[in-house]
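Before any comments, here is the structure.
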Amino acid sequence: MGSTMEPPGGAYLHLGAVTSPVGTARMLQLAFGCTTFSLVAHRGGFGGVQGTFCMAAWGFCFAFSVLVVACEFTKLHSCLRLSWGNFTAAFAMLATLLCATAAVIYPLYFTRLECPPEPAGCMVRNFRLAASVFAGLLFLAYAAEVALTRARPGQVASYMATVSGLLKIVQAFVACIIFGALVHESRYGRYVATQWCVAVYSLCFMATVAVVVLSVMGHTAGLGCPFDRLVIVYTFLAVLLYLSAAVIWPVFCFDPKYGEPGRPVDCLRGSCPWDSQLVVAIFTYVNLLLYIVDLAYSQRIRFVPTL
């Protein structure tokens, strides 16, 4: 549940929301975020799925950062029926991942050192270079907030501020990358074994999202068993499930008996099933490693559900 209202007579505005180290990081997020998508929208330009993703990521992060700063400054977060500490920690981690991805994608697809042909000319190149620089600064601003608010060893904190809680956001983000590769000509429906892997990715993703939602809503204390024990059991099961997928998926995609050990020569870039299968395999191992690290950290966390 949300925190209680401030006692009567207190200050209505919280200046620390913008003057503290965390507040300074959030103000930089607003400045860099607004600058980045303004440069792109004004003259830099964007197009296709990649450009749309970047603009959506920057817009989403800016909108929620405005909400966070406004609620902190006016103390309105005390009226919300959610765990504010869990919400801000989860959002900061998600924004860091989104901005890191956009900071890589936009320069990769849109920024070149040479000037494009007229009528665009060097002006567009300069705007894209500036947008790329501010996109990197925006990522650093969100990463700074994560570093400043992360729970230290032995510190009592909200769950999402712990290493285990932050890893939940990363796990869900990696799962979204896997799903994106699966729906892009991955041919996962050819075998029951690869369908099992898809079921593993889906079950673990839904469970991870459920843990995050319960934490943000402050409902972890109302479960039938201790939340920390439930998280450890779930993480252990997720490690086992991902371990099975880490063995099955490469066998049925890259073994000569079932699939292609190497990239086919006639496979077109951008629509090659082998590429999608490789992406799924790589990020399967990434998430397996994340769950193993999560399981190790889950043994030591101490948190308060309503912080």
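Positions are given from 1, in the same order as the sequence printed here. All values below were derived from every heavy atom in this structure, side-chain atoms included, with hydrogens, water molecules and symmetry-related copies excluded.
- Between Val40 and Trp58, some side-chain heavy-atom pair lies under the 4.5 Å cut-off.
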Practice problem: Start with the C-alpha gap between Tyr297 and Thr235, add the side-chain angles, then the distance that decides, and say whether side chain to side chain donor-acceptor pair (under 3.5 Å) holds. | Solution: CA-CA 11 Å; Tyr297 271 97; Thr235 307; over 6 Å; no

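- At least one side-chain heavy atom of Leu290 sits less than 4.5 Å from a side-chain heavy atom of Asn287.
- Within the 3.5 Å criterion, the main-chain N or O of Gly48 finds no donor-acceptor partner in the side chain of Tyr109.
- Between Ile232 and Leu295, some side-chain heavy-atom pair lies under the 4.5 Å cut-off.
- Residue-environment remark: CZ (Phe254) exceeds the threshold of 12 foreign heavy atoms within 6.0 Å.
- In this pair, Phe87 and Phe64 present their aromatic rings tilted. The plane angle is within the 30 to 60° band.
- With Tyr242 as the partner, the ring pair (Phe, Tyr, Trp, His ring centres under 6.0 Å) test is satisfied by one option alone out of Tyr291, Phe283, Phe205, Trp249: Tyr291.
- Residues Ala135 and Thr36 approach most closely at N-OG1, 3.6 Å, considering heavy atoms.
- At a threshold of 4.5 Å between non-hydrogen side-chain atoms, the residues Arg26 and Glu72 count as touching.
- A heavy-atom distance below 4.5 Å is not found between the side chains of Cys197 and Phe252.
- Between the CD atom in Glu145 and the OG1 atom in Thr24 there is a gap of 11.5 Å [rounded to 0.5 Å].
- The hydrophobic cluster containing Leu237 does not contain Tyr201, counting ILVMFWY residues as joined when their side-chain heavy atoms lie under 4.5 angstrom apart, directly or transitively.
- Under the 4.5 Å side-chain heavy-atom criterion for Ile, Leu, Val, Met, Phe, Trp and Tyr, Val247 and Val286 are members of distinct hydrophobic clusters.
- Annotation for Arg190: atom CZ counts as buried by contact number, over 12 foreign heavy atoms lying within 6.0 Å.
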Quiz item: For Tyr142 and Ser65, what are the C-alpha separation, side-chain angles and deciding distance, and is it a side chain to side chain donor-acceptor pair (under 3.5 Å)?
Solution: CA-CA 10 Å; Tyr142 281 110; Ser65 291; 2.5 Å; yes

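- In terms of heavy-atom proximity, Phe53 sits nearest to Ala102 at CE2-N, 4.2 Å.
- Residue Val104 is found outside any hydrophobic cluster, as its side-chain heavy atoms come under 4.5 Å of no other Ile, Leu, Val, Met, Phe, Trp or Tyr.
- Once rounded to the nearest 0.5 Å, the distance linking CG of Leu138 with CG of Leu30 reads 9.5 Å.
- Considering every non-hydrogen atom in both Ala181 and Val280, the closest pair reads CB-CG2, 3.6 Å.
- The side-chain heavy atoms of Ser244 and Trp196, taken from C-beta on, include a pair separated by under 4.5 Å.
- Across Met93 and Val170, no two heavy atoms sit closer than the pair CE-CG2, 4.1 Å.
- The number of heavy-atom neighbours closer than 6.0 Å to CZ of Phe236, taken from other residues, nucleotides and ligands shown, is 12 or below.
- In terms of heavy-atom proximity, Leu39 sits nearest to Ala131 at CD1-N, 3.7 Å.
- Contact check for Tyr258 versus Thr194: no side-chain heavy atoms found under the 4.5 Å cut-off.
- Not one N or O on the side chain of Tyr106 forms a donor-acceptor pair closer than 3.5 Å with the backbone of Gln50.
- Residues that satisfy the side-chain hydrogen bond (donor to acceptor under 3.5 Å, both in side chains) test with Ser38, not counting sequence neighbours, are absent from this structure.
- For the residue pair Val216 and Leu82, the shortest heavy atom distance occurs at O-CB, 3.2 Å.
- Rounded to the nearest 0.5 angstrom, Lys168 NZ and Gln171 CD are separated by 5.0 Å.
- Side-chain contact between Leu94 and Phe60 is present, with heavy atoms from C-beta onward closer than 4.5 Å.
- Side chain of Gln195 to main chain of Gly189: a donor-acceptor pair is present (N/O by atom type, distance under 3.5 Å, no hydrogens or angles).
- Side-chain atoms of Asn86 come within 3.5 Å of backbone atoms of Tyr159 as a donor-acceptor pair (strictly under, hydrogens ignored).
- Rounding to the nearest 0.5 Å gives a distance of 10.0 Å between OG of Ser132 and CZ of Phe110.
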